Structures are given as structure tokens and as C-alpha cells.
Amino acid sequence: MATETILNGVAQENGKRGKLHGRAFYESIGSPKLVLAPMVEQSEFAWRLLSRSFLPASQQKSLLAYTPMFHSKMFGEKSNYRDTHFQPLKCTIPSPVDDYYLSQLPGSERHLDGHPALDRPLIVQFCSNDPDDFLRAAKHVAPFCDAVDLNLGCPQGIAKRGKYGAFLQEDWDLIASMIRKLHQELDVPVTAKMRVLETPEKTLAYAKTLLDAGASIITVHGRRREQKGHNTGLADWKMIRHLRENLPKDTVLFANGNILQHEDIAACLEATGADGVMSAEGNLYDPTIFAAPPPVGQEGGEYWRGRDGKGGYRMDAVMRRYLDIIHKYALGQEPPNRKPLWLPGDPEHVPEQENVKTEDEEEGPPKKKRKQMSKSDKKKEKTANPNLTAMQAHLFHLLRPLVAEHHNVRDALARSRTGDIDAFENVLALTEKAVKEGIQKYEQEHADNDISNPTTASTPQPTATEDTSSEPLDPYESSLATVARCKRPYWVCQPYVRPLPKEAIEKGSMTVSKKERKKLEQEAEQVVKRGEEDVRDVGLQPGGRVEEEVLVGEKGEGEEIVEKPRDGVVCG
């Protein structure tokens, strides 16, 4: 009987290699439903490990993660670019690595990216516009990942100038040639991440092009290329559902967009029929987004739940985990011994740790006699580690609501420099103090309310941001309902809810160019024109009036019953 083993999405039967494809590949990595998105310089090893850490140990491999987007030409040609973006091994060895050589390496030589025990399943993403560049780069990472992804979704100006990402979507032949080359010549599968196009029909044809070229998985961002920044708006889940219903049934499809909190994952799976759900910005602001909230009464010290039943992980707890990962994996040292997180009811004056050593008591030779690293070496060490260079940006995302209330935390974080772990530890200390103050104030306010209104003491009350009106708000017209649904106290991890384009224009945070205004006006005229034609087809007048229609009734032979026009009948 033939024996088969699976390694890196590659089936090895009787010693002969045979790459898995499509659903067979997806099932070989555990059929993950949770997907951490590729984000430029923001989905590095430490952040992937942090995001996985909130899942139970038995479920951490159920989260499929993508690396940040790498530039294929630079990655394939420049070793220093590879070294500062992807670090799978501690030792310096020829690259691409021979599979046999890799299998002989001791576990101690395994480093960070693609580590079998810590960082799998993993897909490495590249932007590219050349099949040879794409393949050359992919061969460097193939031994350390489960698949390689082609970025077809980046909408930024730099992608337009470089002709990659979403600005390839007019050149389907080039896209197909890149995917086909890797499908035929790379040892691991190739996948692709795309955006929706103008119509369901065109989007479906585009997706079929990717699949026919050999993509094992397609991730569909439910926004068009122009939806970015203040013009982000809402992702179109119906477009993804259209793909699900019209693509071959064995297609592996991931949905991306509108994932602001954990509950949105199940809603997206239901609405789109996708195999998995990817989170990008939602994860940046709340790395705990993939984890279900703990049951009531089992929150522990890291999770906070308010009187209204809403809750989330405390920012100081999440930041502690993040810094401990940085200490252990990026800096190669043990994290500091930390006191337990402050909880309501703890004594106000906790004795200081007695084992803190002064500079003179530290082990080793006196500081002045130690070999000092040159400034150039320090700078090189700092900038060579992607886990260190991403820290400040990550913490500004994570602490966004808190720094708006506590400007001292914001200022300390702004002054923190790459690799200066003491500066970030100081930010953590300030964050812990701010969280404590916030919880203390919350507890005091609710204690006063409970005394003055004893009947409401045990009844969850709506927060100040919740909409208590009877009429629901349209999520495509107003972000207020989304804010009310997602808003938490400033010391709890929570998503950033962007204002909708209409709201951004009204607030003056977004302006519309003459060209864009003319385009919008033309689109509006076309919508009105199509609507008027549809109205006439069903016997109605444009503007919501019913046309006079002669009906032959039973009132008497030859008599006519005439229905007169009625105001206020709006055609939807």
C-alpha cells in the first residue's frame, strides 16, 4: 500500500513528490476558517504569534496567517532585503534551501518565520508583475511556508506607480501567466488575493481566470480598488456570495472585509458561504479578534466585562503579551518578572519588588568595562529585525482609544525608538496606570448609580453611545449604529470604525475632485435613468406615482374602474 506524508502542502508518496492543489491542499493544513491578513510591515512573526496566543493551545494552528507583502523583484535579487523581512533560520546557509539540507538542521537552528511549532500554517505574500521574478522570490521561501500568495488587492499609490497589486487587474493575461508559472514550477501551492470589480459578472470572470491559471485558494476583498482611506466604505458581502454560488463547488474561497469584532466572523461565513474569513484592520486594532470571549464569570485578569455585558481584553494585558513575545523571540532574552495585573479590590499600595537590581549590583563586569557596540552596529541590529521595526505602529493601533484620553502615553510612545525596549516598557507602565484609573472611575461611577438606583443595579444598561431609538440605522448611510455596536471603554481593545464616505465629505475630512464629482454625477444619472425605465415597465410613473390604468370590472358591462394617481408611493 502506498504511504503518503504531507509537508508544506506537498504530498510525498513513496518518496516521489506531488504537490497538493485546491481543496486537497486546504484540507491538508487543517481547513482553517480564521485567516490573519497580509499587511505591509504589520503581519510579522511577533504579531502573528500574538494573534494566535489568544486562542486555546489546541486551536492555535486553526489560524492561517499571511506574512506582510514582500516585493518579489527585491526579495529575489537582494539578500539584505530578504534578511530584513523574512528570518526563518538562525544560521547563514545557501538560499533557496535544499529540502534535504533543511530536514537535517537541528531544531535549535529554526528561527522565527515559518517555525513548524510556532508559525504554521503560513502563506508568504508577494507583489509582482513578472513571472520570473515571482518564481525566483517564491523559491526562497517555499521550504518555510505552506503556500505563496500573489497580491492583487493593494490599492495604494505606490502599487499604481509600480504596476502591481490592484493595478494589475486590467491585465488578466499577465496575472494568469504569473500564477500558472508558480503552479507548474513551485514546490508549494500558489494562491491569490483579489478585489471585486464593477459588476458581479466581471468579478466572476476575473475569479475564474485566477482559478483556471492554478490558484489553490482565492481571497476576495469585497471592496473595489478605489475604496480606500476615507472612501473605504463597506465591503460587499453579496458580491462574495455571488462568487460562492457561481464558481465550481470545490473552490476554496476566503472572504475579506467588514470584520470589526469576533461576532462578525460567523456573520460573514453565513452571509458569504466562504470557507474562511480574513481580518486585516480589525486585527490591527484588536489582535484578540479571532478568539471567542470567555464565558461570564471566567474572565480572569486579562478580560474585562462591564455592567452592560460588553467586554474585551484589557489593553495593558495585550501589550504585556506583545512585549513578552518581543523579549523572548526578537531580542532572545527572558521577559521581565511582572506583577499580576491590577484588579478591582486589590490594595492600593502594592510593595515594590525587592529583587530589582541596581546598576552596580547587576551581574557581569562593570558597565564601563563592557564591550560597547558601535552606533552603526546598533542601527544595523535594530533595522534588521522586522519584529522590532513594527512595534511603534502596532502600539499606536492597539492603544488608539487610550492615547486619545491619556496624552502622556501618546507622547511616550511617539518618543520610543526602534529596538529601545526600555522605552516601550515605560509605555507599558503608563498604560497599566491609565487602565487602572479608567477601571477605578468606572467602578466608582457605577457604585454611585447602584446606590441611587438600586432597581437597576443588576440590569445591564445601554452605554452612552448605543442607539436606543426604535428605527434602525442603515449601515450604508450611517456609521453610528456600528460605533454603538463596537464601542468599548478606552482601556479595552476595540476596532476603529471609519466614517462612511458620505459622512467624511460632510465633515470635510474627504473632498471630491472635479473628475470624481463628474463621475459620481454620471453614475447617479444612470441609476435614475435605469430606475425610471424599471418604473415604467411595471406601469408606474417616475417619482412614485401610479399611472392611470383602465381596468374592466364586474360593476357592469362596459363600465370602467379608473385608479387615480396616488402621491407618496415610492418605488424601491
Side-chain angles (χ1 to χ4, degrees), residues 36-51 53-54 65-70 81 83-87 112-113 156 158 229 279-289 313-333 335-336 338 373 375-435 490-496 498:
L36 173 57
M39 295 172 283
V40 178
E41 298 181 352
Q42 293 285 272
S43 56
E44 76 293 341
F45 171 86
W47 195 256
R48 299 194 296 266
L49 192 59
L50 176 68
S51 299
S53 73
F54 292 94
Y66 284 62
T67 67
M69 181 191 75
F70 304 138
Y81 180 88
D83 293 341
T84 56
H85 288 80
F86 193 75
Q87 301 174 339
L112 302 180
D113 293 295
Q156 304 304 324
I158 190 172
S279 174
E281 192 171 76
N283 167 263
L284 278 183
Y285 290 93
D286 181 6
T288 75
I289 194 170
Y313 281 88
R314 291 170 45 164
M315 289 183 179
D316 54 351
V318 176
M319 186 174 174
R320 275 191 177 195
R321 283 202 192 194
Y322 180 46
L323 291 191
D324 285 352
I325 289 172
I326 293 295
H327 278 288
K328 185 173 181 179
Y329 294 100
L331 298 175
Q333 61 194 29
R338 305 190 189 279
M373 186 182 295
K375 289 184 179 180
S376 61
D377 289 340
K378 285 183 179 180
K379 184 176 181 180
K380 183 177 179 181
E381 183 183 48
K382 291 176 183 178
T383 57
N385 194 323
N387 300 289
L388 299 180
T389 57
M391 287 180 68
Q392 188 182 60
H394 275 312
L395 291 175
F396 267 119
H397 284 119
L398 176 69
L399 303 177
R400 180 185 174 94
L402 187 143
V403 299
E405 297 284 338
H406 293 266
H407 295 174
N408 63 323
V409 182
R410 177 198 63 193
D411 296 342
L413 181 55
R415 290 193 298 268
S416 301
R417 294 292 175 262
T418 300
D420 188 353
I421 192 63
D422 291 336
F424 289 105
E425 286 287 344
N426 178 56
V427 175
L428 173 60
L430 296 174
T431 298
E432 291 177 350
K433 183 179 179 181
V435 171
Y490 69 78
W491 59 85
V492 173
C493 292
Q494 56 193 278
Y496 168 45
R498 293 179 179 274

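On a predicted model such as this, the values are computed, not experimentally measured, just so you know.
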Y496 vs L284, side chain to side chain contact (heavy atoms under 4.5 Å, CB included): CA-CA, chis, key distance, verdict: CA-CA 9 Å; Y496 168 45; L284 278 183; over 6 Å; no
D286 vs Q494, test: side chain to side chain contact (heavy atoms under 4.5 Å, CB included). Steps then yes/no. CA-CA 6 Å; D286 181 6; Q494 56 193 278; over 6 Å; no
Side chain to side chain contact (heavy atoms under 4.5 Å, CB included) between R417 and Q392, worked out: CA-CA 8 Å; R417 294 292 175 262; Q392 188 182 60; 4.2 Å; yes
M315 vs W491, side chain to side chain contact (heavy atoms under 4.5 Å, CB included): CA-CA, chis, key distance, verdict: CA-CA 6 Å; M315 289 183 179; W491 59 85; 5.6 Å; no
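The nearest pair of heavy atoms linking P335 to D324 is CB-OD1, 3.3 Å. Residues W47 and P287 approach most closely at CZ2-CB, 3.6 Å, considering heavy atoms. In terms of heavy-atom proximity, E44 sits nearest to P386 at CG-O, 3.9 Å. Listed here is the closest heavy atom pair of E41 and A390: O-CB, 3.5 Å. In terms of heavy-atom proximity, N387 sits nearest to I326 at O-CD1, 3.5 Å. Contact between M319 and T431 at its shortest, heavy atoms only, is SD-OG1, 4.0 Å.
Summarising the geometry, atom CD1 belonging to I325 is positioned 12.5 Å from atom CG belonging to L331; distances are rounded to the nearest 0.5 Å. How far CG of L112 is from CD of Q87: 6.5 Å, rounded to the nearest 0.5 Å. For the atom pair N385 CG and M391 CE, the distance stands at 10.0 Å (nearest 0.5 Å). Atom NE2 in H394 sits 8.5 Å away from atom CG in L50 (nearest 0.5 Å). Here CG of N283 is found 8.5 Å from OG of S43. Values are rounded to the nearest 0.5 Å. N408 CG to K433 NZ: the interatomic distance, rounded to the nearest 0.5 Å, is 7.5 Å.
Residue pairs satisfying the salt bridge (Lys or Arg N to Asp or Glu O under 4.0 Å) criterion with at least one member in residues 406-415, sequence neighbours excluded, are absent. Applying the ring-ring contact (aromatic ring centres under 6.0 Å, His included) test to pairs two or more places apart or on separate chains, those with a residue in residues 406-427 are H406-Y490.
In this structure A280 satisfies the side-chain contact (heavy atoms from CB on, under 4.5 Å) test together with A37, M39, sequence neighbours excluded. Not counting sequence neighbours, the partners of Y81 by the ring pair (Phe, Tyr, Trp, His ring centres under 6.0 Å) test are H85. Applying the ring pair (Phe, Tyr, Trp, His ring centres under 6.0 Å) rule to H327 yields no partners; only residues at least two apart in sequence or on another chain are considered. Taking F45 as the reference, Y329 meet the ring pair (Phe, Tyr, Trp, His ring centres under 6.0 Å) condition, with sequence neighbours excluded.
Taking the side chain as every heavy atom from C-beta outward, L399 and V427 approach each other to under 4.5 Å. Side-chain contact between L323 and E425 is present, with at least one heavy-atom pair separated by less than 4.5 Å.
Without hydrogens or angle criteria, R321 side chain to S53 main chain gives a donor-acceptor distance under 3.5 Å.
Annotation: Q333, atom CD; neighbour count of heavy atoms from other residues, nucleotides and ligands within 6.0 Å is above 12.
At a cut-off of 3.5 Å, with distance as the only test, no side-chain donor of D113 or T67 sits close to an acceptor on the other residue.
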